Number of protein chains: 2
Amino acid sequence: MPKVSFREQVLRAREDAIVASVNRLLAEKGFDMMTVDEVAADVGIAKASLYKHFSSKEALAAAAMIGVLDRALAHMAGLAANAEASPFDQLQAVARWTMQVQLAGQMPSLPAQNSTLRAALTSNKDYLDRLMSVSDQLGEWITAAQAAGTINTKLVPELVLYTLFARACDPVLTLLKAGGQYSDEQIIEMLLITCFNGLR
Amino acid sequence: MPKVSFREQVLRAREDAIVASVNRLLAEKGFDMMTVDEVAADVGIAKASLYKHFSSKEALAAAAMIGVLDRALAHMAGLAANAEASPFDQLQAVARWTMQVQLAGQMPSLPAQNSTLRAALTSNKDYLDRLMSVSDQLGEWITAAQAAGTINTKLVPELVLYTLFARACDPVLTLLKAGGQYSDEQIIEMLLITCFNGLR
DNA sequence: GTCTATAGCCAGATAGAC
DNA sequence: GTCTATCTGGCTATAGAC
């Protein structure tokens, strides 16, 4: 059925374009400041057409989050394939990747306190599955690093996990970048020092 | 003029009550989710009356921020009076205080990206003066600690300052608290370890 | 200065023709 | 599925009586 398949392909491409716009706008302005009108204008379609693809603004944000989690999982799978690296190195590589995404303006930022958004995310199985996968992989590396003595065993794995997640929305990164005195690489290296010396 | 003075006292008290409500609601829901109607209802006055005291929602938030900066300055003045403590200890004490305020639900949280709010704050002299005072005092302790070798000299003071500021809105704190497995004091002590071992 | 009532606006979501 | 046009609700801010 080439005709149907082609149509579906076009739809998929359009949805990908939508999610890409949402991802960028979420990174630029955050969820509350991003408007659906903006998204429609950025994609180049009418707002009503957007709602044929995604049922709400929250669904748009969820799709963007799923996208970034998929990219994170792909990156982590690449790291896991490298048998030589230590768990500590893997964790550091993940944190570095996270910061690079943020500095590139591609890390969607969601408010922690918006209840409608939280409700939408916590009831979205696709999102939760991926979040769980990321947490599981990181959790393995964390406990392995603690067993190897490279991460402080006085710090509960939960704390270490959250600390790594927090690197994805670290305001220090934004402030240093805004200062304009340091290169992206310098910023990342300094933050990796403060983060991982603190965990060691 | 006891009569006028009394009137002014009542006004002041009412404004203090307003700012206290705003502070709490900002901590609970954040700037975007907090509505002026809520503030009025919480204080127990009509919304129009609120606008006789504060000209805008942004002015309300600014007043709350000025309040917390004043409390921070008072706390730091107390620390500075203790001549025995090292600069490193002073910095740690400030971070601890910041986290305690946050865990007590009294740290107003503002979005970094709201442009109208940013404009209001960056053109508010009372706010900027206090922010500058806090930064100056922290900056002194930071350079002193670096001179004493207790803070890593490879980390530029700017980074250290931002890192300390970021403790006031650390999502790790919120997440661990939400987990409910650890006491406030345990959470704070673990976070102080990760923060200050990273700076050392 | 306090209130009730409302203006004005904007953003999320939908109706209905094509 | 796409569009134009519109609805709906909620929010900031103000008018005007007292």
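Nothing here was measured: the structure is a model prediction, and the numbers come from that model.
Remark: P of D/dT14 and CG of B/Asp37 are 14 Å apart, rounded to the nearest angstrom. Following rounding to the nearest Å, B/Lys29 (NZ) and D/dG10 (P) show an atom-to-atom distance of 13 Å. Between the CG atom of B/Asp32 and the C1' atom of C/dC10 there is a distance of 14 Å, rounded to whole Å. Rounded to an integer number of Å, the gap from B/Glu38 CD to D/dC11 C1' is 11 Å. What separates CG of A/Leu25 from C1' of C/dA11 is a distance of 15 Å, to the nearest Å.
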Checking A/Val22 against A/Phe54 for the side chain to side chain contact (heavy atoms under 4.5 Å, CB included) test, could you report, in this order, the C-alpha distance in whole Å, the side-chain angles of both residues, the deciding distance, and whether it holds? CA-CA 12 Å; A/Val22 170; A/Phe54 298 92; over 6 Å; no
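Legend: residues meeting side chain to side chain contact (heavy atoms under 4.5 Å, CB included) with B/Asp184, ordered by chain and number and at least two apart, are B/Leu103, B/Lys177.
Around the CZ atom of A/Arg14, the shell of radius 6.0 Å holds no more than 12 heavy atoms that belong to other residues, nucleotides or ligands.
Residue A/Arg14 places at least one side-chain N or O closer than 4.0 Å to OP1 or OP2 of D/dT2.
Backbone-only engagement by A/Met34 is indicated by non-hydrogen atom pairs under 4.0 Å involving sugar-phosphate atoms exclusively.
Looking at every heavy atom in both residues, A/Ala64 comes nearest to A/Asn23 through O-OD1, 4.0 Å. Taking every heavy atom of both residues into account, B/Thr153 and B/Gln146 meet most closely at CG2-O, 3.6 Å.
For DNA chain D, the neighbouring residues in residues 40-62 of chain B, judged by any heavy atom under 4.0 Å, are B/Lys47, B/Ala48, B/Tyr51, B/Ser56, B/Lys57.
Between B/Ile66 and B/Asn124, some side-chain heavy-atom pair lies under the 4.5 Å cut-off.
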